[in-house]
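To keep things clear, I will list the structure first and then write my remarks on it.
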Amino acid sequence: MSVDVADRGADPAADAVMTADQLEHLIATWIVGVWQKRKLGEYAPAWEPDGSHSPNSLFAASFAQTGFAMDIPSPELFYELLPAHYVRIDKRRGVKIRGLWYDDADVLRDYRGELSTRGGNHKGKWLIRRDPRDRRQVFFQDPLSHAWHPLPWTGMPRAGQMLAFGDARASALLAKAAAAGLKPKSDTELLPVLLELIGSNIPVSKWPSQLKKSQRTEHARETHQARAAQADRPPSPPAPQPSASPVPAGEETATVLSWPGRARQTPDAVAGERRRRREAVRPAPVPPPELGHGFRARSVFVLPEDDLEEDRSGPDDAG
């Protein structure tokens, strides 16, 4: 190490940068190659207290004695390791996890307003699992089939893709809503606040020039965490879509996007939510009749039904 800045190299900032995977590999190499090779003193094994042993040598001795039995965990272990919440299922709104409501009409149909068979400290409550990295949904296990089902956030727009957000963004969302005195009747009213926090008030053309470094770091962190959450989650079979209202192309899943994609999806999410609200209030427009429909319906050359019956009967049938 020197006090001369010329001794640092041509690009010291680039040389000092390591990715998360490189750092994890470096730490693991040091643990196995250095730390685990240290000689044990008073912690030596009872069957050879005077011997020279290290954690690595004891690990090898245990393999030589009992062998190695590979135990591959089931994919459902992912849900068992998530934070647990014991809540009641509301008849109308679903379940409330850390200030946000989650619901699925098909999954919770038979359990709304009912008590679970659980006893103990959480008697009568239902177990819900939450992934802190991705708060767009929580997970509910059906007590009969034991299958895990995602419960989407009720504030998500039904059209388009929803931006990923984690625990930190959800806490900021609730804090800003409380500071503004917002008491929403449903979580859909929180969506504009969330999109504003993510950066919808900044034009896409200005990304990332007008974003602060802390904001860019938040977007990168949320994108990375959402990708990791999707990679860890067990694959689930696609749910059948009803034939009457198929999902439009490109709207089947909520893809995790980088910051340019997150910026472009923000106005799309707002527009989709506004369109859904307009369609819920206004009736569907009735198309105008085809050209000439009125003339064909009331043509002067079409004989009335009574005249047609008289012509069929003839003059002989009158007497």
Side-chain angles (χ1 to χ4, degrees), residues 82-83 85 87-109 111-112 126 128-140 149-202 215 218-219 221-223 225-226 229-230 233 239 245 247-248 250-257 261-281:
L82 295 178
H85 299 268
V87 297
R88 300 188 185 276
I89 301 178
D90 187 78
K91 292 183 179 180
R92 297 184 298 106
R93 305 187 65 179
V95 297
K96 187 176 184 180
I97 305 297
R98 284 203 167 188
L100 299 181
W101 287 92
Y102 300 85
D103 194 7
D104 190 305
D106 296 331
V107 175
L108 301 180
R109 179 187 298 111
Y111 308 108
R112 294 182 181 275
W126 300 91
I128 304 294
R129 297 283 181 174
R130 167 189 121 262
D131 193 338
R133 302 168 297 178
D134 192 351
R135 292 292 302 276
R136 292 176 297 180
Q137 66 269 314
V138 294
F139 304 97
F140 169 75
H149 302 278
L151 303 179
W153 178 44
T154 57
M156 290 175 57
R158 299 183 182 179
Q161 297 175 337
M162 181 59 202
L163 309 177
F165 63 98
D167 264 356
R169 186 74 68 178
S171 300
L173 166 65
L174 297 175
K176 185 170 184 179
L182 179 62
K183 297 180 179 180
K185 296 181 180 179
S186 64
D187 281 15
T188 54
E189 300 179 15
L190 294 176
L191 180 61
V193 183
L194 173 63
L195 297 177
E196 182 182 354
L197 286 174
I198 293 178
S200 63
N201 55 342
I202 300 177
Q215 292 176 317
E218 290 177 359
H219 285 289
R221 183 186 299 112
E222 287 180 334
T223 302
Q225 290 179 346
Q230 286 190 348
R233 194 176 307 143
S245 57
V247 178
E251 297 183 359
E252 293 85 355
T253 57
T255 307
V256 179
L257 304 170
R262 289 166 64 86
R264 287 190 294 269
Q265 288 299 329
T266 299
D268 294 342
V270 174
E273 179 62 17
R274 290 175 178 173
R275 182 172 58 252
R276 184 190 67 81
R277 294 185 180 182
R278 288 195 303 266
E279 293 175 352
V281 175

*Determine, step by step, whether L151 and I97 satisfy the side-chain contact (heavy atoms from CB on, under 4.5 Å) criterion, reporting the C-alpha distance in whole Å, the side-chain angles of both residues, the deciding distance to 0.1 Å, and the verdict.*
CA-CA 11 Å; L151 303 179; I97 305 297; over 6 Å; no

*Under a 4.5 Å cut-off applied to non-hydrogen side-chain atoms, are R233 and D134 in contact?*
yes

Heavy-atom pair of closest approach, residues [X] and [Y]:
X    : Y    : answer
G94  : L108 : CA-CD1, 4.3 Å
W153 : F165 : CE3-CZ, 3.9 Å
P152 : Q137 : CA-CB, 4.0 Å
A177 : L190 : CB-CD2, 3.8 Å

*Step-by-step side-chain contact (heavy atoms from CB on, under 4.5 Å) determination, L100 to R135*: CA-CA 9 Å; L100 299 181; R135 292 292 302 276; 3.8 Å; yes

*D187 pairs by side-chain contact (heavy atoms from CB on, under 4.5 Å) with which of K96, R93, M156?*
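With D187 as partner, K96, R93, M156 yield a single side-chain contact (heavy atoms from CB on, under 4.5 Å), made by R93.
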
*asked:* Treating R129 as the side-chain partner and L82 as the backbone partner, does any N or O pair qualify as donor plus acceptor under 3.5 Å?
replied: yes

*Without swapping roles, check the side chain of T154 against the backbone of D103 for a donor-acceptor pair under 3.5 Å.*
no

*Atom pair OH/CD1 of Y111 and I89 - distance to nearest 0.5 Å*: 8.5 Å

*asked:* Looking only at the aromatic ring of each residue, does the gap between the centers of F140 and Y102 stay below 6.0 angstrom?
replied: no

*Give the C-alpha distance, both sets of side-chain angles, the deciding distance and a yes or no for side-chain contact (heavy atoms from CB on, under 4.5 Å) between D167 and R130.*
CA-CA 10 Å; D167 264 356; R130 167 189 121 262; 2.6 Å; yes

